[in-house]
Amino acid sequence: MKITSFICLVSCICLFACQDLPKESTATYDIGLVESKKITLPIDENSYYHSRYMFQFEEGENELLVFQNTEKGTHKIIVFDIENQKVFKEIPINREGPNGISSLSGCFPFFDSQTLLMFQDNINRITVYTDQGKVIKNYSTRNIDGSLTYSTVTSNLYLPCFIKDSVLYLENADVRQNMKKGDWQRAHLFRAQDLKTGEHWKLPLFYPSSFNMEIKNPSAGYGYSYDFNHKANLLVCSFCGYDSIMVTDDMEKVRWYNGKSRYLKSLRPIVGESADGFEWIGEYRRSAKYWHLMYDKYRDVYYRFAEMPCELGPGEYPLDEPKAREFSVIVFDKDFNIIGETKFPGNKYFYKMSFVGRDGLYISENNLANPNFDENKLVFACFKLEDLKKNN
């Protein structure tokens with residue numbers, strides 16, 4: 001009996017120690033991303049050309065792009081017709097009154113373009129809102145006792161909410177000040193809210209064991225991105241400072257796969273702390289890291305964006321987002337084998353504004369350093385997957 005207990009104990013220790021090790025994966029690099037076309041979407045003088053609050057969806061024959069536009073004081077959402085490259089409709093947002101949305105930190109189609117989920121981070125509220133400017137229902141994200149959940153309330157292209165069986169899943173960001181080493185493995189990554197009952201809870205998904213640093217103030221080093229594959233019921237998560245990607249099909253048990261860029265040295269989480277917080281943020285922004293991860297339902301592949309290290313350009317300040325940064329896009333097949341990676345030049349693309357569409361992966365060209373930049377247009381280059389072996 002003692003021998004059996006000892007074997008079980010050793011097995012548990014080994015299982016815990018190996019939980020972050022990626023599964024065997026091949027990397028063939030046979031697939032490349034090749035530009036096939038450009039689309040140009042019009043915006044007026046009151047609209048801003050950058051937004052992280054955007055998403056693509058289909059409604060009948062229409063392929064639409066929802067673009068939250070609140071940067072210039074314009075309180076509205078623009079819905080574009082992607083194929084015809086024109087405005088499909090605009091949704092005005094009331095600021096005050098019974099149908100008021102005072103602050104908007106993301107939106108998502110509830111059923112169609114006529115009904116949206118609106119996220120209000122400033123008051124911890126999620127609102128069901130019509131395209132006619134009417135509030136249908138509000139959901140509080142506070143705990144039952146009225147205390148805050150210590151979570152942001154947002155949905156954007158890096159951290160998209162998703163709905164499964166009437167349950168809404170969101171980023172949790174359960175990181176706080178004075179994090180101890182053991183706190184990371186108790187910091188919940190996701191939470192859920194039942195849209196029928198309003199009940200909400202945290203999921204048993206936590207940071208990998210490589211996050212074991214002790215800090216007084218959290219910084220950008222703990223960031224992550226994710227997407228949900230409805231077809232295979234898979235949640236896939238990418239950490240900014242971690243080579244492997246995390247996959248779960250039951251929101252509890254996880255598997256790890258190799259997700260390393262061939263252009264970067266091996267990355268491990270760096271949650272920095274400096275006497276000069278601004279100095280640290282600047283260093284982090286210029287360092288190599290992984291950015292967002294996106295699932296392509298049309299081609300059943302995944303894209304992971306990797307940022308190359310860079311230096312400040314002329315006229316750039318330490319806290320600026322580098323405009324000349326090179327980046328790459330890693331392509332995974334449905335089994336999370338790396339099948340390609342394409343590197344892109346700096347000074348052309350604003351890759352932090354990208355979406356997946358019927359015809360391919362769209363990457364914005366609204367980079368301020370792009371010689372062809374025009375603040376009155378949203379320009380996206382569409383990239384298709386191409387078998388590089390055929391070209392050889």
Side-chain angles (χ1 to χ4, degrees), residues 33-93 104-109 112-119 129 131-133 155-160 227 291-292 294-299 303 305 321 323 327 329 344-345 347-384:
L33 286 166
V34 179
E35 184 176 333
S36 60
K37 66 176 183 178
K38 282 185 175 64
I39 64 169
T40 301
L41 305 175
I43 53 175
D44 59 31
E45 65 277 3
N46 296 316
S47 298
Y48 195 57
Y49 43 81
H50 285 168
S51 178
R52 60 177 173 168
Y53 303 108
M54 51 181 284
F55 54 85
Q56 176 266 11
F57 74 107
E58 295 180 77
E59 187 174 272
E61 296 298 319
N62 296 316
E63 183 183 19
L64 305 176
L65 179 69
V66 174
F67 189 84
Q68 178 186 320
N69 188 48
T70 55
E71 296 291 340
K72 280 193 172 182
T74 306
H75 219 48
K76 67 179 178 181
I77 292 172
I78 307 173
V79 183
F80 292 102
D81 181 328
I82 295 174
E83 181 179 1
N84 296 307
Q85 301 182 45
K86 64 180 184 180
V87 175
F88 183 74
K89 64 180 171 182
E90 293 187 353
I91 303 174
I93 309 299
L104 191 56
S105 57
C107 58
F108 191 77
D112 49 39
S113 68
Q114 298 177 13
T115 312
L116 299 173
L117 285 179
M118 312 290 273
F119 298 85
Y129 198 80
D131 62 350
Q132 300 301 310
S155 177
N156 58 53
L157 65 88
Y158 322 128
L159 304 164
D227 208 350
W291 198 247
H292 52 300
M294 309 172 78
Y295 173 62
D296 184 337
K297 66 180 181 181
Y298 301 100
R299 286 151 285 272
Y303 306 114
F305 287 66
E321 287 286 349
K323 302 178 182 64
F327 68 99
V329 178
F344 293 85
N347 291 327
K348 183 174 182 180
Y349 301 102
F350 185 63
Y351 55 90
K352 294 186 177 181
M353 211 164 73
S354 306
F355 68 92
V356 173
R358 288 174 180 169
D359 294 336
L361 173 64
Y362 290 83
I363 303 177
S364 170
E365 290 193 359
N366 282 71
N367 186 330
L368 294 176
N370 187 334
N372 298 317
F373 170 75
D374 186 339
E375 65 178 9
N376 298 311
K377 300 175 182 177
L378 298 177
V379 180
F380 292 90
C382 179
F383 293 88
K384 64 179 181 179

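Hydrogens, waters and symmetry mates are skipped; everything else that's a heavy atom, side chains included, is used.
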| field | Tyr158 backbone acceptor or donor facing Asn156 side chain under 3.5 Å | value | yes
| query | How long is the gap from NZ on Lys377 to OH on Tyr49, to the nearest 0.5 Å? | reply | 15.5 Å
| request: For the pair Lys384 and Asp359, evaluate salt bridge (charged side-chain N to carboxylate O under 4.0 Å, His left out) and give the outcome as yes or no after the intermediate values. | output: CA-CA 7 Å; Lys384 64 179 181 179; Asp359 294 336; over 6 Å; no
| What about Trp291 and Tyr351, are their ring centers closer than 6.0 Å? | no
| message | With heavy-atom distances below 4.5 Å as the criterion, would you say the side chains of Asp374 and Val379 are in contact? | response | no
| said: Give me each pair satisfying salt bridge (Lys or Arg N to Asp or Glu O under 4.0 Å) with a member in residues 361-371, each pair once, sequence neighbours excluded. | reply: Lys38-Glu365
| What are the two closest non-hydrogen atoms of Asn347 and Pro371, and how far apart are they? | O-CD, 4.0 Å
| query | Ser354 and Phe380: side chain to side chain contact (heavy atoms under 4.5 Å, CB included), yes or no, with the steps? | reply | CA-CA 8 Å; Ser354 306; Phe380 292 90; over 6 Å; no
| query | Mind checking whether Phe305 and Phe327 have parallel, tilted or perpendicular rings, split at 30° and 60°? | reply | parallel
| query | Are any of the side-chain heavy atoms of Lys76 and Glu90 separated by less than 4.5 Å? | reply | yes
| query | With no hydrogens and no angle check, is any side-chain donor or acceptor of Gln114 less than 3.5 Å from a backbone partner on Asp131? | reply | no
| query | Just how far is it from atom CZ of Arg299 to atom NZ of Lys297, taken to the nearest 0.5 Å? | reply | 10.5 Å
| remark: Value for CG (Asn366) from NZ (Lys348), rounded to nearest 0.5 Å, stands at 13.0 Å
| note | Shortest non-hydrogen pair, Met353 vs Phe67, comes out as SD-CE1, 4.0 Å
| query | Closest approach of Tyr303 and Leu33, non-hydrogen atoms and distance? | reply | CE2-CD2, 4.2 Å
| task | Tell me, with the steps shown, if Met118 and Ile93 meet side chain to side chain contact (heavy atoms under 4.5 Å, CB included). | result | CA-CA 10 Å; Met118 312 290 273; Ile93 309 299; 3.4 Å; yes
| remark: Between Tyr349 and Ala381 the two heavy atoms that sit nearest each other are CE2-CB, 4.1 Å
| remark: What one should report as the nearest heavy-atom pair of Pro109 and Leu116 is CA-CD2, 3.7 Å
| message | So that I know where these two stand, are Phe57 and Phe108 an aromatic pair - ring centroids less than 6.0 Å apart? | response | no
| Is Glu63 reaching over with its side chain to a backbone N or O of Glu83, donor-acceptor style, under 3.5 angstrom? | no
| Rounded to the nearest 0.5 Å, how far does CZ of Phe350 lie from CD1 of Ile363? | 12.5 Å
| Gln85 atom CD: more than 12 heavy-atom contacts under 6.0 Å | yes
| task | Please examine the side chains of Leu378 and Thr40, heavy atoms only from C-beta on, and report whether any two atoms are closer than 4.5 Å. | result | no
| query | Say you draw a straight line from CG of Leu65 to CG of Asp81; how long is it, rounded to the nearest 0.5 Å? | reply | 10.5 Å
| request: For Gln56 and Ile82, run side chain to side chain contact (heavy atoms under 4.5 Å, CB included): C-alpha distance rounded to whole Å, both residues' side-chain angles, the deciding distance at 0.1 Å, then the answer. | output: CA-CA 9 Å; Gln56 176 266 11; Ile82 295 174; 3.9 Å; yes
| query | Going by heavy atoms in the side chains, are Ser47 and Ile78 under 4.5 Å from each other? | reply | yes
| query | Quick one: side chain to side chain contact (heavy atoms under 4.5 Å, CB included) partners of Leu157, sequence neighbours excluded? | reply | Met54, His292
| field | Donor-acceptor contact present, side-chain Asn84 to main-chain Lys86, <3.5 Å | value | no
| Carboxylate-amine/guanidinium contact Arg358 Asp296, below 4.0 Å | no
| task | Take Ile39 and Phe80 through the test side chain to side chain contact (heavy atoms under 4.5 Å, CB included) and record every step on the way to the result. | result | CA-CA 11 Å; Ile39 64 169; Phe80 292 102; over 6 Å; no
| query | When rounded to the nearest 0.5 angstrom, what distance separates CZ in Phe55 from OG in Ser155? | reply | 7.5 Å
| said: Is the distance from the ring center of Phe383 to that of Tyr362 below 6.0 Å? | reply: no
